[in-house]
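As a basis for the values below, the full set of heavy atoms in this structure was taken, side chains included, without hydrogen atoms, waters or symmetry mates. Remember, predicted model here, so these are calculated numbers, not experimental data.
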Amino acid sequence: MKDSEARKAEDVLKQYDRESDTMEYTGFMAKVVAAIAIAFSVFQLYTATFGVLDAQLQRGVHLGFGMALVFLLYPSRKSWSRHKIHPLDLVLAVLGAAAPAYIILEYQHLVLRAGLVSDTDLAVGLIGILLVIEATRRVVGLPMVCVVLAFLFYAFAGPYMPGVLAHRGLTVSQLVSHLYFTTEGIFGIPLGVSSTFIFLFILFGAYLESTGLGKFFIDLANAIAGWASGGPAKVAVLSSGLMGTVSGSSVANVVGTGSLTIPMMKKLGYHKDFAGAVEAAASTGGQLMPPVMGAAAFLMAEFVGVPYIDVVKAAVVPALLYFAGVWLGVHFEAKRKDLKGISRSQLPKIGRLLRERGHLALPLVIIVYLLVSGYTPMRAALVAIVLAIVCSALRKSTRMKPIEIVRGLENGARNVLGVLVACAAAGIIIGVVTKTGVGLKLASGLLDLSGGLLLPTMFFTMITAIVLGMGVPTTANYVITSTIAAPALVQMGVPVLAAHMFVFYFGIIADVTPPVALAAYAGSGISGGNPLKTGINASKLAIAAFIIPYMFVLSPVILMIEGSALDLLLSTITALIGMVALSSSLIGFLADHCRLPERLLLAVGGLLMIKPGLLTDAVGIILFGLVLFLQLRRRRAAQDAA
């Protein structure tokens, strides 16, 4: 039975997570792919230990390894054999490695030519750009390819564009030179971050997964919350939040924890559509949870120009508010349906769990300490990788075998491919933006559309990020929206970090926003529920993620970038009360079943607490208190009558 459930989870993962849908080689080809992937990881570890190469060299080697693996692992067509490589893919894998290798071999000559491209340069650059686009189609999907092609079209069609969007237009030579032979295009900041910080953190996550930390988190969540009202659903929220500290994929998180928690929720009495939604909403929040937060957080640190620990610090309170909102939704649903928890006798004991497997979480604690202490993300991740292996050896039951350590190198390289390709494709977009100035033009257009008012600008930015997020991974989504939409918010006086965090949040929440809610669809694949209904329920549970970005733009103290500790405490308390009000309004239960007027009052009260200010907070709290008083009185009267 467990084997069939595991196969089902694997099928769901491949269906909804393109990055997991790879070739299944055996024999010689399996060894070739493993050797390339291990060599890739060894290169990254070597440069992290002894110093990275010059920017273009480091990024060129990184892209060369990545492109070779992409064409070997992701077939051109799904109908092709999954066990035998097609000759075309083999040719493309060689070209994918050779095009970046040209930059490495000709590096000195390219520097001396200072931007002047020869015919050979032009041919190699064109091949390299086309290969990145094809790799994007295979790994990321057509929506991202369409966005890239739209920007490339704009680069050439500038003279024919209307009004403010018009520009002189670029020649093929100018564009190829800029996109492929400078650090402003494909080899720009996104690929630079991928070739340093991101790879190491993904490798760290691969080793933590190998140690069995995920199973420990699920067991720990069961011990903490499994006995409570609606226990399995709360276990899903807690375990997904813990897994989110090391996982950067919503869909992978859904499948990893959902294959255990969703059947438990259904057995308890949750409807299958709601069970899948709980896991989807909780798992999506994993990308918001420090210290890893998904790859886009590392890009944010580079784009904003702040240390990574500042991004982590800013994310703490919003992430806790998000998970509090999902937890409250689960709690009120359990109370509304009178769903009980699991018997304590069937649950693991916290003390025993911590004694037997608590050491597996030490690398997570230490990496946070190192980041706070001023270590660079690269050095902190490098130390944490070593600690993950060392800590697993503290007990025989968790000790990693030598072959598992080697497989960790292979898995880390495989896991980075989706981010690597998205970063390379995003570099094309950034290259067009920097060469044509379209970013500022679109930001100005956004301001004109909103009439120069902050709330409409935020709303249009939200819609842009969500629509892009429906077909574009978080990393690429963040790059696009931070280039186009975030500047509009900054021009209106919003702190830079708050503006970037705003688009980051809405790019992530697209994973639970119908009609293309991949995390919710993955949850429904495991629960057997209706994908659309699961997505709608997930959006209701994740309502906090639609509200919190507005809160921290209007009150940046929540990001710990302004105000005092007292201001932070007061803002957090009112935000939590607002979350309670909104969750109870959407679910229809607070202290008792909500009547329609009560749900409306709770919704208004919760929304009023979004905007910082004594008057709005006071009115919101009064409305919330009024509904709570009426329900408590009604429940007491019912108890007296019984």
Side-chain angles (χ1 to χ4, degrees), residues 9 12-13 16-17 214-215 217-222 224-226 228-266 268 270-290 292-294 315 318-334 339 341 474 505 508-513 517-527 529 534-548 579 582-583 586-587:
V12 169
L13 185 61
Y16 295 109
D17 185 14
K215 182 67 168 61
F217 279 156
I218 292 173
D219 289 343
L220 183 63
N222 264 304
I224 293 172
S229 184
K234 291 177 179 175
V235 168
V237 177
L238 186 56
S239 60
S240 295
L242 291 170
M243 280 295 292
T245 59
V246 295
S247 170
S249 169
S250 302
V251 175
N253 203 348
V254 168
V255 174
T257 57
S259 57
L260 295 172
T261 58
I262 289 174
M264 290 168 59
M265 283 187 269
K266 289 171 65 180
L268 182 69
Y270 280 103
H271 191 276
K272 56 188 177 183
D273 293 336
F274 193 83
V278 169
E279 187 57 58
S283 294
T284 297
Q287 290 189 72
L288 308 172
M289 180 62 75
V292 177
M293 292 178 61
L320 292 176
L321 287 174
Y322 174 84
F323 278 100
V326 179
W327 181 284
L328 287 165
V330 164
H331 176 75
F332 290 135
E333 178 71 8
L339 301 175
T474 305
Y505 251 71
I508 288 172
I509 207 60
D511 277 350
V512 290
T513 306
L518 289 182
Y521 284 12
S524 69
I526 295 173
S527 70
T534 302
I536 292 170
N537 281 321
S539 295
K540 287 165 62 178
L541 287 169
I543 187 65
F546 292 92
I547 304 300
I548 292 168
M579 290 297 104
L582 284 170
S583 294
L586 288 170
I587 300 299

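Distance check: Q287 CD to I508 CD1 gives 4.5 Å after rounding to the nearest 0.5 Å. Distance check: E333 CD to M265 CE gives 11.5 Å after rounding to the nearest 0.5 Å. Taking CG of D511 as the reference point, atom OG1 of T284 lies at 5.0 Å (rounded to 0.5 Å). Taken to the nearest 0.5 Å, the CD atom of E279 stands 7.5 Å off from the CD1 atom of I526. Here the CD1-CG distance, from I543 to L582, works out to 6.5 Å after rounding to the nearest 0.5 Å. The line from OG of S239 to CG of D219 is 10.0 Å long, rounded to the nearest 0.5 Å.
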(request) Could you give me the CA-CA distance, side-chain angles and deciding distance for L238 and W327, then say whether side-chain contact (heavy atoms from CB on, under 4.5 Å) is met? (result) CA-CA 8 Å; L238 186 56; W327 181 284; 4.2 Å; yes
(message) Please evaluate residues N222 and M264 with respect to the criterion side-chain contact (heavy atoms from CB on, under 4.5 Å), reporting the C-alpha separation (whole Å), side-chain torsions for both, the decisive distance (0.1 Å), and the verdict.
(response) CA-CA 11 Å; N222 264 304; M264 290 168 59; 3.4 Å; yes
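Summarising the geometry of G329 relative to F274, their closest heavy-atom pair is O-CZ, 4.3 Å, with the distance given to 0.1 Å. Here the shortest heavy-atom pairing between L321 and A544 reads O-CB, 4.1 Å. Closest approach of Y270 to A334, counting heavy atoms only: OH-CB, 3.3 Å. Of all heavy-atom pairs spanning V254 and A280, the tightest one is CG2-CA, 3.8 Å. Between V278 and A236 the shortest heavy-atom distance is CG1-CB, 4.0 Å. Pairing each heavy atom of I509 with each of A542, the nearest pair is CD1-CB, 3.9 Å.
The backbone N or O of K272 lies less than 3.5 Å from a partner atom in the side chain of S527, making a donor-acceptor pair. The backbone N or O of A233 sits nowhere less than 3.5 Å from a side-chain atom of T261 that would complete a donor-acceptor pair.
Looking only at side-chain heavy atoms (C-beta outward), Y322 and M289 stay at 4.5 Å or farther from each other. Using a 4.5 Å cut-off on side-chain heavy atoms (C-beta onward), T513 and F546 make contact. Under the 4.5 Å side-chain criterion, counting only non-hydrogen atoms from C-beta, I547 is in contact with M579.
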